[in-house]
Number of protein chains: 2
Amino acid sequence: MRADAQRNRARVLEVAAEVFASEGLSVPVHEIARRAGVGTGTVSRHFPTKEDLFAAVLLDRMRELCDRADALTFFAFFATLVREAAANRGLAEALSGAGFDVEAAAAQAGHDVSARLRALLASAQESGEVRPDVTYADVKALMAGCLAADLADPAALDRLVAVVTAGLRRS
Amino acid sequence: MRADAQRNRARVLEVAAEVFASEGLSVPVHEIARRAGVGTGTVSRHFPTKEDLFAAVLLDRMRELCDRADALTFFAFFATLVREAAANRGLAEALSGAGFDVEAAAAQAGHDVSARLRALLASAQESGEVRPDVTYADVKALMAGCLAADLADPAALDRLVAVVTAGLRRS
DNA sequence: TGATAAACGGGATGACCGTCCCGTATATTC
DNA sequence: GAATATACGGGACGGTCATCCCGTTTATCA
């Protein structure tokens with residue numbers, strides 16, 4: 001790959017990460033190109049579709065989250081994921097089912113956050129910490145609920161995580 | 001109002017209710033007109049914007065929900081709202097903050113479901129049934145979480161409501 | 001340094017949709 | 001049964017975007 005192509009690709013990725021995180025997935029690709037100081041052709045050559053671009057942006061975060069998962073309990077990982085997504089509007093939108101398939105992208109890249117969460121859930125249920133009837137899909141839904149928190153209230157996220165955590169514990 | 005205009009208005013409203021409920025808010029207005037057997041002009045004359053149409057559709061449901069609220073506890077009303085929205089994709093999308101402002105529409109129409117829910121929450125907190133720190137916005141977020149349930153799993157909704165209910169109770 | 005392949009930019013293209021307009025049709029009224 | 005206001009249909013318009021294309025530029029390497 002030519003040196004300028006490599007630079008441009010990195011620059012686009014960097015800008016896209018910022019923009020998706022702060023403004024969500026509805027930002028036009030043209031706008032990302034503009035802010036990166038490149039043409040739209042350059043973006044779509046490196047990332048043929050917008051979803052490809054988002055998947056590439058997600059990769060780094062996914063890798064890091066997966067690494068962290070190994071040292072955490074189910075509840076701690078849940079809280080970590082919620083906090084991560086709350087600080088990243090694009091990720092929150094994607095998790096809330098708005099078009100993009102996050103899980104497929106992550107799994108394909110070999111950093112399957114959902115598999116980690118699934119495993120932690122199973123073991124937390126086996127040890128009796130979590131109600132045995134809840135499913136992985138339930139946990140995802142509750143995560144989406146936490147992400148609907150009022151962003152203007154800095155304590156809201158913590159309250160919601162506390163409520164959901166209490167609800168998930170074996171009663 | 002001319003008789004045919006009255007008929008058409010009712011027909012459009014009826015079709016829109018079905019379509020929004022089953023396919024969500026992204027259905028084009030043209031499609032609603034087509035299924036109602038009228039031209040798009042007829043729809044937009046009766047309901048100048050798509051949001052006006054959705055607000056009109058919502059009115060009936062809101063009225064009924066408000067009436068029911070008076071006889072229910074906070075937890076029962078919460079479950080009722082979740083079930084109502086789960087059966088109505090358009091309502092679920094609107095509640096999950098996707099563009100349309102449900103609360104404003106309902107309040108304007110004098111059937112303010114959110115005011116009822118707010119009141120029930122306050123009294124449930126006063127009597128000690130619900131954690132005192134949760135806010136109305138928190139409850140709305142948790143409702144959105146329940147609505148993210150896996151629709152293919154008929155028991156999922158009940159599980160999520162149970163988890164959230166347990167979490168909201170004074171611990 | 002010159003040839004060549006690779007990459008660039010940004011305008012063109014096509015799709016989708018909400019809203020508006022206007023020539024036509026029809027319900028209502030006298 | 002004619003006159004008139006009212007409503008109808010559906011095409012036109014304007015705006016938004018993702019994606020593609022192609023004439024131009026530039027990095028690379030001999």
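Computed over heavy atoms, backbone and side chain alike; hydrogens, waters and symmetry mates excluded. Here is how names work: the chains are called A, B, and so on, in the same order as the sequence lines, proteins then strands, and each is numbered from 1.
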Basic-acidic side-chain contact under 4.0 Å: Lys50(B), Glu31(B):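 No, no charged N to carboxylate O under 4.0 Å.
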
Might you list the N or O atoms of the protein lying below 3.5 Å from N or O atoms in nucleotides 28-30 of chain C, with each pair's distance?
unit_1	atom_1	unit_2	atom_2	d
dT28(C)	OP1	Ala3(B)	N	3.3

Start with the C-alpha gap between Lys140(A) and Asp150(B), add the side-chain angles, then the distance that decides, and say whether salt bridge (Lys or Arg N to Asp or Glu O under 4.0 Å) holds. CA-CA 9 Å; Lys140(A) 240 178 48 179; Asp150(B) 178 8; over 6 Å; no

To the nearest 0.5 Å, what is the distance between OG1 (Thr40(B)) and CZ (Arg34(B))? 13.0 Å

Please figure out whether Thr49(B) or Thr40(A) has its closest DNA chain C nucleotide nearer the 5' end. Thr40(A)

Quick one: [X] [atom1] to [N] [atom2], roughly how many Å, whole number?
{"X": "Arg7(B)", "N": "dT26(C)", "atom1": "CZ", "atom2": "C1'", "value": "11 Å"}
{"X": "Glu51(B)", "N": "dC17(C)", "atom1": "CD", "atom2": "P", "value": "18 Å"}
{"X": "Phe47(B)", "N": "dA7(D)", "atom1": "CZ", "atom2": "P", "value": "13 Å"}
{"X": "Ile32(A)", "N": "dG9(C)", "atom1": "CD1", "atom2": "C1'", "value": "17 Å"}
{"X": "Arg35(B)", "N": "dG9(D)", "atom1": "CZ", "atom2": "P", "value": "17 Å"}
{"X": "Arg45(B)", "N": "dC22(C)", "atom1": "CZ", "atom2": "P", "value": "14 Å"}
{"X": "Arg11(A)", "N": "dG9(C)", "atom1": "CZ", "atom2": "C1'", "value": "16 Å"}
{"X": "Leu53(B)", "N": "dC17(C)", "atom1": "CG", "atom2": "P", "value": "16 Å"}

Within the structure provided, determine whether Leu81(B) and Leu65(B) are in side-chain contact (heavy-atom separation under 4.5 Å). yes

Side chains of Thr73(A) and Phe78(A): does their closest heavy-atom pair fall under 4.5 Å? no

Do the side-chain N or O atoms of [X] get closer than 4.0 angstrom to the phosphate oxygens (OP1, OP2) of [N]?
{"X": "His30(A)", "N": "dT16(D)", "answer": "no"}
{"X": "Thr42(A)", "N": "dA7(C)", "answer": "no"}
{"X": "Asn8(B)", "N": "dC8(D)", "answer": "yes"}

Residue Ala5(A), side-chain atoms from C-beta onward, closest of dC8(C), dG9(C), dC8(D): dC8(C)

Closest-nucleotide ordering on DNA chain D, the 5'-leading residue of Gln6(B) and Ser44(A): Gln6(B)

Is it possible for you to say whether Phe75(B) and Leu160(B) belong to one hydrophobic cluster, with membership spreading through side-chain heavy-atom contacts below 4.5 Å? yes

Under 3.5 Å, is there a donor-acceptor pair between the side chain of Asp52(A) and the main chain of Thr49(A)? yes

